[in-house]
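Residue numbering restarts at 1 for every chain, and letters A, B, ... go by the order of the sequence lines.
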Protein chains: 2
Amino acid sequence: MSADRLSATLSALADPTRRAILARLSHGEASVTELAEPFAMSLPAVSKHLKVLERAGLISRGREAQWRPCRLEAAPLKELAGWIETYRRFWEASFDRLDDYLREIQEGDPRDRH
Amino acid sequence: MSADRLSATLSALADPTRRAILARLSHGEASVTELAEPFAMSLPAVSKHLKVLERAGLISRGREAQWRPCRLEAAPLKELAGWIETYRRFWEASFDRLDDYLREIQEGDPRDRH
DNA sequence: GCGGTACTGAACCAATCAGTTATTTAACTG
DNA sequence: CAGTTAAATAACTGATTGGTTCAGTACCGC
């Protein structure tokens, strides 16, 4: 299902290998073999992870001779940060005040409506 | 793979149905049938989505007679916001300055570190 | 041109996912 | 008690995921 951008970003980020790759790229560009080095998996597996990240717009790839240097692209992360921001009030308030807030905006007992 | 909390949060959020459920819950508690109402899918399907959200800690469920009211739990969102925050500098700088920054922290040509 | 290095693509596999229908549990209602 | 409503569970299905191995493509250096 769901080919929307946010879903693509989130499911790309849902894998720890891919998050580690992004963390590595936050220190600068890297080739595929460099990115693969820390992982106990084959190169084609890493190549697939990179393709997922690329399709989500989280990385871009250049061409330098036989190397394909990857670099971080932050736009989808910005979008995600924007989405999550709409929930900030739910964790910023103290738990007691959040409780109050929830009770306040609540429409009432489920049995009462419909 | 990976049962770590962040991965669980992200893969739970990667589904638009589940994000819509969270959005609904941000307006207050709701029962399962209420949550299911906007979707063209069976009730068990929604029940499964709720289980995913619950295992990720994004919702909690109470008991009121035959209803099981769901409420939003923001802690995992807070954790996610914290994680994404480490990448903020990559989208906050103007693109040109980001380019400069990337080139600056880059170790050099991939060929040099073979 | 040949051999090595960097990477991608294709085919395959097991596990998980998102949905279905049918059944079951639990609680209220008359 | 019987009947109804709310929700979960079970069993099944098709699609997707994350990994593999093996082969192919592209570029460099000798």
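In this structure, the helix from C/dG1-D/dC30 to C/dG30-D/dC1 shows an angle of 10° between the axis at its start and the axis at its end, each fitted on 5 base pairs and rounded to 10°.
Remark on DNA chain D: of its neighbouring residues A/V52 and A/Q66, the 5'-side contact belongs to A/V52, judged by nearest-heavy-atom nucleotide.
The two residues B/A14 and A/L10 come nearest to each other via the heavy atoms CA-CB, 3.7 Å. B/E29 and B/P69 get closest at one heavy-atom pair: OE1-CB, 3.7 Å. Closest heavy-atom contact between B/L50 and B/I59: O-CD1, 3.5 Å.
Atom P of nucleotide C/dT8 and atom CZ of A/R63 are separated by 8 Å, given to the nearest angstrom. A/R68 places its CZ atom 8 Å from the P atom of D/dC27, with the value rounded to the nearest Å. The distance between atom CZ of B/R55 and atom P of C/dT16, rounded to the nearest whole Å, is 12 Å. Here the P atom of nucleotide D/dA7 and the CG atom of B/L50 are 10 Å apart, to the nearest Å. Atom NZ in A/K51 sits about 15 Å away from atom P in D/dT16, given to the nearest Å. For A/D15 and D/dT17, the CG to P distance is 11 Å, given to the nearest whole Å. The CZ atom of B/F39 sits 15 Å away from the P atom of D/dA7 (whole-angstrom rounding). Taking atom CG of residue B/L43 and atom P of nucleotide C/dT20, one finds them 10 Å apart after rounding to whole Å.
Using modelled atom types, one side-chain atom of A/R19 and one backbone atom of A/L13 make a donor-acceptor pair closer than 3.5 Å. A donor-acceptor pair under 3.5 Å links the side-chain atoms of B/E34 to the main chain of B/S31, judged by distance alone. Checked by atom type and distance alone, the side chain of A/S47 never pairs as donor or acceptor with a backbone atom of A/P44 at under 3.5 Å.
Using a 4.0 Å cut-off, no side-chain N or O of A/H49 falls inside it from OP1 or OP2 of D/dT17. Residue A/S47 has a polar side-chain atom (N or O) positioned under 4.0 Å from OP1 or OP2 of C/dT8.
When distances are taken from the side chain of A/A65 to each of D/dC28, C/dC7, D/dA7, the shortest belongs to D/dC28. The side chain of A/T33 lies closest to C/dC7 when the candidates are C/dC7, D/dG18, D/dT20. The listed nucleotides are D/dA6, C/dT8, D/dA8; the one nearest the side chain of B/W67 is D/dA6.
As judged by a 4.0 angstrom heavy-atom cut-off over every strand, B/S42 is placed among the base-contacting residues. If you check every strand for non-hydrogen atoms under 4.0 Å, A/R61 touches sugar and phosphate atoms only.
Salt bridge status for B/K48 with B/D15: absent, with no side-chain N to carboxylate O gap under 4.0 Å. Salt bridge status for A/E92 with A/R89: absent, with no side-chain N to carboxylate O gap under 4.0 Å. Salt-bridge annotation for B/E85 and B/R88: present, with a side-chain N of the basic residue lying under 4.0 Å from a carboxylate O of the acidic one.
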Show me the protein contacts with nucleotides 10-14 of chain C, counting only N or O atoms at under 3.5 Å.
none

Discussion item. One pair to check against side chain to side chain contact (heavy atoms under 4.5 Å, CB included): B/E73 and B/L25. What are the steps and the verdict?
Written reply: CA-CA 9 Å; B/E73 296 288 339; B/L25 289 178; over 6 Å; no
